[in-house]
Amino acid sequence: MTTTTAVPAVAHTREELKAAREALPSRDVAVVMTMGALHDGHAQLIRAARQRHEHVVVTIFLNPLQFGPKEDLSRYPRTFDDDMAICTQAGVDVVFAPTPDVVYPDGDPGVRVSAGPLGAMLEGASRPGHFDGVLTVVGKLLHLTAARSAYFGQKDAQQLLLIRRMVRDLDFPVEVVSVPTVREDDGLAMSSRNTYLTDSDREVALCLSRALRAGGEAASYGPSAVRRAAREVLVDEPLALVDYLVLVHPLTLADVPEWYRGEALLAVAARIGTTRLIDNTPLVVGPGGGAIDVFSDVPHARAEV
Ligand code: AMP
């Protein structure tokens, strides 16, 4: 494996992507899909991919299909030059940055991937159609990049689960790898949307990671102790308008019953000011339990990058 600080090839069209892809010496390509406004969470995905593959393709695409009509597509931060600097630094080979008409040449696709019942839960309940839009573009970008592996963040736990399901259910020939959530020193999960936060919003936003930490610390006492500990942190912060706080099974997203012992996902979504944030932690419920980086039964990249 070579370390390079060369500027990545940039492809805006399908033809440019194909040419850049074919110019790579090896077929051992991993993809990291992003919506741009890159931060160290994205860089960590890239570094994890580089560790195990000869080449890394990063896609930067603000996918209109996954935004609802009242969501933040128009104000989403666009920072292409800074993104390129991060990609260069992290050793990316190719950046694919198409416009919507390149990805959807016939307009909104009539045929889409359905995320099914899991896609209607949690984030899907607040954002109808969101995961159909996500899976449709992920499927297309997997085809267009022809990557062997695709790296996704645990930060978007439900998205990761649904992508794994799509790859299994529809036999995509790709390995899905998850990377633990990268946080600021004070615990705030890195997110492109953090740039929307005012200084006081940002203080309020810390209650999310604090709640998850409190839940993790209560994990050895069982599900209701986890939920109670997390909820107590959130009720102390009335400026965080909680959409959901759940402790669910990592594969079904169903609430875990009180007798449950084993791996579970503690997930939260809240609106702070004008910004909707999500965060989560995987944890083990039961004696000796606590927070973990990633679930044990899936291949993953550990944080030693
Ligand atoms: P986005 O650009 O927000 O769509 O994210 C692109 C990819 O980066 C997704 O797989 C996200 O889960 C991942 N990601 C975003 N934030 C983080 C983070 N703080 N830590 C790890 N991965 C992240």
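Smallest separation of non-hydrogen atoms from Val248 and Val256: C-CG1, 3.7 Å.
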Any chance you could lay out the side chain to side chain contact (heavy atoms under 4.5 Å, CB included) test for Asp255 and Val246, step after step, and finish with the verdict?
CA-CA 7 Å; Asp255 287 332; Val246 292; 4.2 Å; yes

Determine, stepwise, if the pair Val176 / Tyr151 fulfils side chain to side chain contact (heavy atoms under 4.5 Å, CB included).
CA-CA 6 Å; Val176 175; Tyr151 284 65; over 6 Å; no

Apply the test side chain to side chain contact (heavy atoms under 4.5 Å, CB included) to residues His249 and Thr252: give CA-CA distance (whole Å), side-chain angles for both, the deciding distance (0.1 Å), then the verdict.
CA-CA 6 Å; His249 190 277; Thr252 64; 3.2 Å; yes

Stepwise side chain to side chain contact (heavy atoms under 4.5 Å, CB included) test for Val29 and Val56
CA-CA 6 Å; Val29 172; Val56 179; over 6 Å; no

Could you please spell out the steps behind the side-chain hydrogen bond (donor to acceptor under 3.5 Å, both in side chains) verdict for Gln154 and Thr181?
CA-CA 5 Å; Gln154 175 62 40; Thr181 302; 6.0 Å; no

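Applying the 6.0 Å contact sphere to CZ of Arg168 captures no more than 12 heavy atoms from other residues, nucleotides or ligands. Residue-environment remark: CZ (Arg78) exceeds the threshold of 12 foreign heavy atoms within 6.0 Å.
In summary, Arg52 and Glu175 engage in a salt bridge, as defined by a charged side-chain N under 4.0 Å from a carboxylate O. Salt-bridge check for Glu232 with Arg228: failed, with every basic side-chain N at 4.0 Å or more from each acidic carboxylate O. The pair Arg183-Asp279 counts as a salt bridge, with a side-chain nitrogen and a carboxylate oxygen less than 4.0 angstrom apart. Using a cutoff of 4.0 Å between basic side-chain nitrogens and carboxylate oxygens, Asp243 and Arg276 are scored as salt-bridged.
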List, one per line, each side-chain donor-acceptor pair under 3.5 Å for residues 209-219, sequence neighbours excluded.
| residue | atom | partner | partner atom | Å |
| --- | --- | --- | --- | --- |
| Ser209 | OG | Gly187 | O | 3.3 |
| Ser209 | OG | Leu206 | O | 3.2 |

Listed pairs under 3.5 Å, donor-acceptor, residues 63-71 side chains, sequence neighbours left out:
| residue | atom | partner | partner atom | Å |
| --- | --- | --- | --- | --- |
| Asn63 | OD1 | Leu65 | N | 3.3 |
| Asn63 | OD1 | Tyr104 | OH | 2.6 |
| Asn63 | ND2 | Gln66 | OE1 | 2.9 |
| Asn63 | ND2 | Gly133 | O | 3.0 |
| Glu71 | OE1 | Gly68 | N | 3.0 |
| Glu71 | OE1 | Arg127 | NE | 3.3 |
| Glu71 | OE1 | Arg127 | NH2 | 2.6 |
| Glu71 | OE2 | Arg127 | NE | 3.0 |

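There is a path of hydrophobic side-chain contacts, each under 4.5 Å, that joins Leu266 to Trp259. Hydrophobic clustering (ILVMFWY, side-chain heavy atoms < 4.5 Å, transitive): Phe172 and Phe152 are in one cluster.
Residue pairs meeting the salt bridge (charged side-chain N to carboxylate O under 4.0 Å, His left out) criterion with at least one partner in residues 135-149, sequence neighbours excluded, are Asp28-Arg148.
With Gln158 contributing its side chain and Met121 its backbone, the two residues share a donor-acceptor pair below 3.5 Å.
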